**Student:** 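First the structure, which I've put down as C-alpha cells, then a few questions once you've had a look.
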Amino acid sequence: MPELPEVENTVNDLREAGITGSRITAVTVTWSRTVGGDSDAFCSQLHGRKLQTVTRRGKFIVLIFDGDLVGLLHLRMSGRLSIEASETLSGAYDRVTLALDSGKTDSGTPESGRELRFHDPRKFGRFLLYSSADADQVLSRLGVEPLDRKAFSLEVLSRQLKGRRRRIKPLLLDQRVVAGLGNIYADESLWEAGIHPARSAASLQQGEIGALVAAIPRVLERALAAGGTSLGKGQSNYRLPSGRSSKGQNGLQVYGRAGAACSQCGGSIARSMLAQRSTHYCPRCQPEARIRGVLLDMDGTMIETERILIGSFQQAAAEWGLHLAYEDLLATIGKTAEVSREILREMLGEVVSFERCSKRAEELAMEAIALQGIARRPGLDEFLDELNRQGIPHAVATSTHRREAEYMLTQAGIRDRFSTVVCGDEVSNGKPAPEIYQRAAAQLGLEARDCLAIEDSEPGIRAAAAAGAHAVLIPDLVQPSSRARFVAARVCATLAEVTALLREGALLYTP
DNA sequence: CGCGCAGCCTGTCCGC
DNA sequence: TGCGGACAGGCTGCGC
C-alpha cells in the first residue's frame, strides 16, 4: 500500500505524537512471520528499550532504540501504524503491539500508557530488528532518495538508466534505483514526464530523464502535502497513525483512472499490465512510438514539386491573360484537394476552366521537370541513407497518381530507393483520410502505429495521425496551422533534424 | 541482464 | 444472497 509519501507522513505523525523517548514496557506479537519468525526473540530484544529516533529511508520506517538496536518496519501492502491508549480494544489485525511507558509530555504532565500498534491485514508487512551496522547494510542497498534535492540529480538518474534495456517503469519500482516509488507514483511521475512506462530505460533522452527528475519530486511532494493517498475504505487502506484523513487520491492524474479523460489532452487513460503491476498512462501524452518503418509523403516532403506546380499553374494562367499572385497560389498548398480546387476555380473565374488550366499547368510542369529535373529536399539523401543503415523499411505514401508519381520519383533520382510506393489513385479515399498510410504500412508488413510518417501539409499530417502513425511534420512552404501542429506528434524544421533523432535512437523506442 | 511467474495473505468488488 | 474470480498501494526467489 504505502509509498514514500505515506511512509513519510506516518513518520511525521509518530514524531508529532511524541513517542520518542518512551520505553517499551511490553511487546505482543500475534503473527510471528511479521517479526521474522521468532516472536520470543523479538519480544525479549525490545523489552525495556528506549525509542530514541524515528526516521524514514525509502519505504522503511527506521526506529532507533538504545543499546545498538534498530527496528526496520516495512508496511508493504496493507500495513499501518496507530498510536492508541492501552485500554483501547486491540483490533483483529494488530500483528505487533508495543506498550510504551507513560512518558512525560512537554508540559511535564504524566500520560496514561499508550501503545504503538502495527496493524496489517494481509500480513506482508515486516518489523525486523538489527544491530545498527546490519540495519545500515540493509538500507545501503536502497537507491537514491528522490526528495533529496542534491542527491536526486540528472546525473545520478542518468547513470542509473544508462545502458539498461529494462523498461522504465519496472526500473523505477526497483528500490535499488530510486527508493520510495511505488505503483501509484511511478505511474503518476511517468505521466507528468510524458514517458511511456514500457519504454526501455536506455532509450530515454537526456531531456526526458530531466523531465523525470523534475516530475518525481513534484509528484511526491504534492502527495506528501495532501497527507498521502488513500484508496477505497476497506481494512487495508492507508490511514495516518493519528487517524487523520488523507486526500492525495484527489490529485491523481492516471492511477485508477482507466477510461477517464486525460487532463492534458482529453484522451482516454489506458490501463495495462507491466511487470505484473497494473499500469496507467495516457497513450497520447506518453507515446510508445515503436518505430519499425517510415512512411514518407512525396510532394513537398521529399521533393520540391510544390514550387514547380505553383509556377506552372501561374504560367498556364498567364497564357489566358490571368496574372495570379504567387502568395494566393501558395495558400492552396496544405488544403485538401477539393478545397484547393474550389479556391483555384474562383481565381480563374470565367476566363478558363480549372480543368483546362490545370491540364496545361501539368504539361508545363512536366516540361520544366524534363528540362531541369526535380530537386530533392535538403537532407533527404542523408535521411534515406540512415534508414538503410539502420535497416528500417520505408515507403512512399503520396496523393499523387501513379503515373506522375513514378515520373517525379524517377526524375528526382530516388525511384530506386523505394520498393513500396502507394499512390492516390490506388485508394478510395485520399488524404486526409488515413487509407494511403494504412496501405503503405500494410505493404511493409507493419501497422501504421509502428511507423513514423513524415509530412509537410495539414491534410497529410491528419491522414498520418488518423492512421495512428507517429506523425512528424516538416513544414515546407506554408506555416503549419495550429490544428496541424496539434495532430503532429512532433514538428521538425528539417529532415536533417529527423535524421539526428533517428541516429540518437530517439525515434526508436524499443519496448 | 531482464522477464514472467509463484508465493506470501486477506479483503473487496464485480459479474453471474 | 451466494460464489468464484480478479485484483489490490510490495517484495522475494526461481527458472529461463
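Since the structure is predicted, the reported quantities are computational estimates derived from the model, not experimental observations. Side chains included, hydrogens not; waters and symmetry mates left out as well; all remaining heavy atoms used.
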**Student:** Using atom NZ of A/Lys123 as one end and atom C1' of B/dG7 as the other, report the distance to the nearest whole Å.
**Tutor:**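 Taking atom C1' of B/dG7 as the reference, NZ of A/Lys123 is at 15 Å.
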**Student:** Can you confirm whether more than 12 heavy atoms, excluding those of A/Arg15, are under 6.0 Å from its CZ atom?
**Tutor:**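 Yes, enclosed.
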**Student:** Where does DNA chain B form stems of at least three consecutive Watson-Crick or G-U wobble pairs, each pair having both distances below 3.5 Å?
**Tutor:**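 Stem list for DNA chain B: B:2-8 with C:10-16, B:10-16 with C:2-8.
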**Student:** Tell me, yes or no, whether the heavy-atom count around A/Arg176 atom CZ, taken from other residues, nucleotides or ligands under 6.0 Å, exceeds 12.
**Tutor:**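 Counting neighbours around CZ of A/Arg176, 12 or fewer heavy atoms of other residues, nucleotides or ligands fall under 6.0 Å, so no.
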**Student:** Would you indicate what A/Arg126 reaches in the nucleic acid, counting non-hydrogen atoms under 4.0 angstrom: base, sugar-phosphate, or nothing?
**Tutor:**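 If one applies the 4.0 Å heavy-atom cut-off, A/Arg126 turns out to touch nothing in the nucleic acid.
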**Student:** Would you confirm whether A/Gln52, through its side chain, and A/Gly21, through its main-chain N or O, come within 3.5 Å as a donor-acceptor pair?
**Tutor:**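 No; zero donor-acceptor contacts below 3.5 Å.
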**Student:** Looking at C/dC11, C/dG9, B/dC9, which one has an atom nearest to any side-chain atom of A/Arg76?
**Tutor:**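 For A/Arg76, the side-chain atoms sit closest to C/dC11.
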**Student:** Can you tell me the distance, in whole Å, between the CZ atom of A/Arg141 and the C1' atom of C/dG10?
**Tutor:**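 That distance rounds to 16 Å.
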**Student:** Hey, does the side chain of A/Gln443 reach the backbone of A/Ala440 with a donor-acceptor pair shorter than 3.5 angstrom?
**Tutor:**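 No; judged by distance alone, with no hydrogens or angles, the pair does not exist.
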**Student:** Just to confirm, is there a sub-4.0 Å distance from OP1 or OP2 of C/dA8 to any side-chain nitrogen or oxygen of A/Arg271?
**Tutor:**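 Yes, A/Arg271 has a side-chain N/O under 4.0 Å of OP1/OP2 on C/dA8.
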**Student:** May I ask you to say whether A/Arg199 pairs ionically with A/Glu208, meaning some side-chain N is under 4.0 Å from a carboxylate O?
**Tutor:**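 Answer for the salt bridge query: yes.
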**Student:** When you measure from the side chain of A/Asp66 to the backbone N and O of A/Lys50, does any donor-acceptor pair fall under 3.5 Å?
**Tutor:**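 Indeed, once roles are kept as given, a pair shorter than 3.5 Å links the two residues.
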**Student:** Expressed in whole Å, how much space separates the P atoms belonging to C/dG9 and B/dG2?
**Tutor:**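 After rounding to an integer number of Å, I get 23 Å for this pair.
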**Student:** OP1 or OP2 of C/dG10 sitting under 4.0 Å from any side-chain N/O of A/His74?
**Tutor:**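 Result: no.
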**Student:** I want to check one thing: is the phosphate of C/dG9, taken as OP1 and OP2, less than 4.0 Å away from some side-chain N or O of A/Lys59?
**Tutor:**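 No, because none of the side-chain N or O atoms of A/Lys59 sits under 4.0 Å from OP1 or OP2 of C/dG9.
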**Student:** To the nearest Å, give me how far apart CD (A/Glu6) and C1' (C/dA8) are.
**Tutor:**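 From A/Glu6 CD to C/dA8 C1': 14 Å.
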**Student:** Can you see if the side chain of A/Arg277 gets near the phosphate of C/dG10 - specifically, an N or O under 4.0 Å from OP1 or OP2?
**Tutor:**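 Yes, A/Arg277 has a side-chain N/O under 4.0 Å of OP1/OP2 on C/dG10.
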**Student:** Quick check, does A/Phe124 stack with C/dC11? I mean ring centres under 5.5 Å and planes off by under 30°.
**Tutor:**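 Stack criterion not met.
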**Student:** Scan nucleotides 3-6 of chain B against the protein and return all N/O pairs shorter than 3.5 Å with their distances rounded to 0.1 Å.
**Tutor:**
residue: B/dC3; atom: OP1; partner: A/Arg167; partner atom: N; Å: 3.1
residue: B/dC3; atom: OP2; partner: A/Arg166; partner atom: NE; Å: 3.4
residue: B/dG4; atom: OP2; partner: A/Arg167; partner atom: NH2; Å: 2.9

**Student:** Ignoring backbone atoms, test whether A/Ser278 places a side-chain nitrogen or oxygen under 4.0 Å from the OP1 or OP2 oxygen of C/dG9.
**Tutor:**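 Yes.
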**Student:** Is there a side-chain polar atom (N or O) of A/Arg122 under 4.0 Å from OP1 or OP2 of C/dG9?
**Tutor:**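 So the side chain of A/Arg122 is outside the cut-off, no N or O lying under 4.0 Å from OP1 or OP2 of C/dG9.
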**Student:** Are A/Leu495 and A/Ile454 close enough that some pair of their side-chain heavy atoms sits under 4.5 Å apart?
**Tutor:**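 A side-chain contact under 4.5 Å exists here.
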**Student:** So, does A/Tyr185 get its side chain near the phosphate of C/dG9, meaning an N or O under 4.0 Å from OP1 or OP2?
**Tutor:**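 Result: no.
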**Student:** Would you mind reading off the distance between A/Arg80 atom CZ and C/dA8 atom P, rounded to a whole angstrom?
**Tutor:**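 Roughly 21 Å, once rounded to whole Å.
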**Student:** Between B/dG4 and C/dA8, how far apart are the two P atoms, rounded to whole Å?
**Tutor:**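 One P to the other, the span is 16 Å.
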**Student:** Less than 4.0 angstrom from a charged side-chain N to a carboxylate O is my criterion; do A/Asp120 and A/Arg126 meet it?
**Tutor:**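 Judged by the 4.0 Å cut-off on N to carboxylate O distance, A/Asp120 and A/Arg126 do not form a salt bridge.
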**Student:** Calculate the interatomic distance between A/Leu128 atom CG and C/dT12 atom C1'; express it in whole Å.
**Tutor:**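 It is 13 Å, rounded to the nearest whole Å.
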**Student:** Write down the distance between CG (A/Leu172) and C1' (C/dG10), rounded to a whole number of angstrom.
**Tutor:**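 One finds 16 Å between C1' of C/dG10 and CG of A/Leu172, rounded.
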**Student:** Looking only at the side chain of A/Arg164 (C-beta and beyond, no hydrogens), which of the listed nucleotides B/dC9, C/dG10, B/dG2 gets closest?
**Tutor:**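 From the listed options, B/dG2 comes nearest.
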**Student:** CG of A/Asp174 versus P of C/dC11: gap in Å, rounded?
**Tutor:**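 Distance, rounded to whole Å: 10 Å.
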**Student:** If the P atom of C/dA6 is compared with that of B/dA6, how far apart are they to the nearest Å?
**Tutor:**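 12 Å, rounded to whole Å.
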**Student:** When you measure from the side chain of A/Thr25 to the backbone of A/Ala99, do you find a donor-acceptor pair of N or O atoms at a distance under 3.5 Å?
**Tutor:**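 Yes, A/Thr25 side chain to A/Ala99 backbone: donor-acceptor pair under 3.5 Å.
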**Student:** Measure CG/A/Asp94 against P/B/dT10 and give the value in whole Å, please.
**Tutor:**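 Spelled out: CG on A/Asp94 to P on B/dT10 is 15 Å.
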**Student:** It should be established whether A/Gln175 places a side-chain nitrogen or oxygen under 4.0 Å from OP1 or OP2 of nucleotide C/dC11.
**Tutor:**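 Yes.
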**Student:** To the nearest 0.5 Å, tell me how far A/Leu51 CG sits from A/Leu14 CG.
**Tutor:**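 If I round to the nearest 0.5 Å, the distance is 8.5 Å.
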**Student:** In this structure, which one of A/Gln253, A/Gln286, A/Gln264, A/Arg222 forms a side-chain hydrogen bond (donor to acceptor under 3.5 Å, both in side chains) with A/Glu192?
**Tutor:**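 It is A/Arg222; the other options fail the test.
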